[in-house]
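Read the structure below first, then the notes.
Side-chain atoms are counted along with the backbone in the values below, which use heavy atoms only and exclude waters and symmetry mates. Chain letters run A, B, ... following the sequence lines, proteins first, then strands; residues in each count from 1.
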There are 2 protein chains.
Amino acid sequence: MTENRITSAALDPASPITPQIYAHLRDAIIRNRLAPGDRISETEIAKSWSVSRQPVREAFIRLAGEGLLAVLPQRGTIVTRINYSDVLNARFLREAIEADIAKILAQRPDPALITELRAQLQAQEAVAASAPTDFIGLDEQFHRTLADAADKRGAWRLIEGLKSQMDRVRFLSLGHFPVVKLVGQHRAIVDAIEQGDTSAANAAVRTHLREVLIDLPQIHAAKPEFFDVPEGGIPEPVNAPIQGGKDE
Amino acid sequence: MTENRITSAALDPASPITPQIYAHLRDAIIRNRLAPGDRISETEIAKSWSVSRQPVREAFIRLAGEGLLAVLPQRGTIVTRINYSDVLNARFLREAIEADIAKILAQRPDPALITELRAQLQAQEAVAASAPTDFIGLDEQFHRTLADAADKRGAWRLIEGLKSQMDRVRFLSLGHFPVVKLVGQHRAIVDAIEQGDTSAANAAVRTHLREVLIDLPQIHAAKPEFFDVPEGGIPEPVNAPIQGGKDE
DNA sequence: ACTTCCATACTTCCATACTAGTCAGGATCG
DNA sequence: CGATCCTGACTAGTATGGAAGTATGGAAGT
């Protein structure tokens, strides 16, 4: 039964197989078509795409590295449950990294960048009411633009991996997703950068990234079987203070 | 000839082979026993350890993910040169993450942690004059202790990957390595945490991590063949300001 | 009814064979 | 002599065949 949820499109036999398997599986997991806790096997996936087990295995290894699969030797491979701590940790790391990126950008505001960002804000507003699913794509584009502008492409590669954990939650929370609010926060970031206010840019990013997972507790309450709460209840999100001392 | 530089110890056939190969190769690359630019092949490595290509291949994939190897399909696999930008990027990311960690720790100074850190400082001073190579291990322990204390074990996993790029440089620069100075900076971090001064802790970490690669230009000048300078000269390190605005 | 043992059907892991692409060097042709 | 093509020795990518370990269900014994 599992095959139907994964093999939506056929593979291109001309290009390398492993990356294709990887991409399809990753998408299926993040969008929760493969539910947390599901068992999958090399053989099963290989048959469903009519390839050998080898490229499937290598895709599994990559996904296990991202924390999306757990490969248990001689026992099986399962889609990991969403780890509450990992999600909060990913959020913490993104905040630390992107806050510094915003500070760099605010140091030397680039008019061309501001223009580009404001265009993106318009697009975000356009989909806000109609298609919240599309917002996730635009949101990714926004944050990526910031990283690229700061010449921190390497940082984005890291953030991408962190996002996978967070996005699983976001795809669960669609529907009741405060898109309008988030767009407003994006605007605050752009404003602060434009004005060259490093500390305002810093604070705006931190506020924004703390809001993104605001409904995590509700989602957890609604679908507890998707989550893997470590030991002893829901962890308290601990963060560095937004308002630091006199200097940063 | 390459085998001699890698197969120093035998493998344990009882435990999984892939992780062993991975660990050995990673160590060989970071310590520059495998020099940047060296070509290696799955077959060659497999023969040198008397295993099949398969586990070697999987180790290669992991190392390529960390940016230590470049696998060129149907052409070969080479040890990547040290990418100047990647090193600076890794440093930037560590600064952002560890600065936030220090802030968290300074919010609630833990006496037991302070005691532990001060003991580590003593050990660091002990090796400072005698064995600078050992310092790298103690340094790793120090930074890891900070991450763990802030309940950010996930963050450390990320930092470990970043460190691999930076450590390649550090193993080149041994000898003229300002260990005493770095220990002093460690002490400043501990002091700031103990006093609960979040902004001082923040600043101390940032200062420290900017110092670590202070001699990168000289190392690059000494061994240019180990480096891969992107396009157009040495990139200027761009960083967020240590002294931010009135708030952080 | 309950426990213990064992056959069986899985699973991932490793070994091996084969495919296809790349590159260098030499023969051949102009 | 010089350009071109071909051939063979590489490379990594993929397919497939066991090997070793694990879970499961039923039979046998208490």
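Checking dC14(C), dT12(C), dG17(D) against the side-chain heavy atoms of Arg53(A) singles out dG17(D) as nearest. Residue Val71(B) places its side chain closer to dG13(D) than to any other of dC14(C), dG13(D), dC13(C). Considering only side-chain atoms of Thr43(A), the nucleotide from dC23(C), dT12(C), dA12(D) that sits closest is dT12(C).
OP1 or OP2 of dT12(C) lies within a sub-4.0 Å distance of a side-chain N or O belonging to Thr77(A). Remark: Ser52(B) is in phosphate contact with dA15(C), judged by side-chain N or O atoms under 4.0 Å from OP1 or OP2.
Between the C1' atom of dT22(C) and the CZ atom of Arg75(B) lies a distance of 7 Å, rounded to the nearest Å. Between Ile61(A) atom CD1 and dT14(D) atom P there is a gap of 13 Å when expressed in whole angstrom units. The separation between Arg62(B) atom CZ and dC13(C) atom C1' is 15 Å, rounded to whole Å. In this structure, CD1 of Ile17(A) is placed 12 Å from P of dA20(C), rounded to the nearest angstrom. The distance between atom CD of Glu58(B) and atom P of dA15(C), rounded to the nearest whole Å, is 11 Å. Rounding to whole angstrom units, CH2 of residue Trp49(B) and C1' of dA15(C) are separated by 18 Å. Remark: P of dT11(D) and NZ of Lys47(B) are 8 Å apart, rounded to the nearest angstrom. A straight line from CD1 of Ile78(B) to C1' of dT22(C) spans 15 Å, rounded to a whole angstrom.
Taking the six-membered ring where the residue is Trp, the centroids of Trp49(A) and His24(A) are separated by under 6.0 Å.
Looking only at atom types and distance, the side chain of Glu42(A) has no donor-acceptor partner in the side chain of Thr77(A) under 3.5 Å away.
Between Pro73(A) and Pro19(A), the one whose closest nucleotide on DNA chain D sits nearer the 5' end is Pro19(A). Comparing Glu42(A) and Ser50(B) along DNA chain C, the residue whose closest nucleotide (by nearest heavy atom) sits nearer the 5' end is Glu42(A). Both Gln54(A) and Arg57(B) sit near DNA chain D, but only Arg57(B) has its closest nucleotide nearer the 5' end.
We find that Arg31(A) and Asp167(A) are not joined by a salt bridge, their nearest charged nitrogen and carboxylate oxygen being 4.0 Å or further apart. Glu44(B) has no carboxylate O lying under 4.0 Å from a charged side-chain N of Arg39(B), or vice versa, which leaves the two without a salt bridge.
In this structure, dT30(D) forms a base pair with dA1(C), meeting either the Watson-Crick or the G-U wobble geometry with both donor-acceptor distances under 3.5 Å. With a cut-off of 3.5 Å on both Watson-Crick or G-U wobble distances, the partner of dA9(C) is given as dT22(D). As the counterpart of dC23(C), dG8(D) is assigned, both hydrogen-bonding distances of the Watson-Crick or G-U wobble pattern falling under 3.5 Å.
For a distance-only test at 3.5 Å, the side chain of Gln74(A) qualifies as a donor-acceptor partner of the base of dT12(C).
Screening Gln120(B), Glu116(B), Glu140(B) against Thr145(B) for a side-chain hydrogen bond (donor to acceptor under 3.5 Å, both in side chains) leaves a single residue, Gln120(B).
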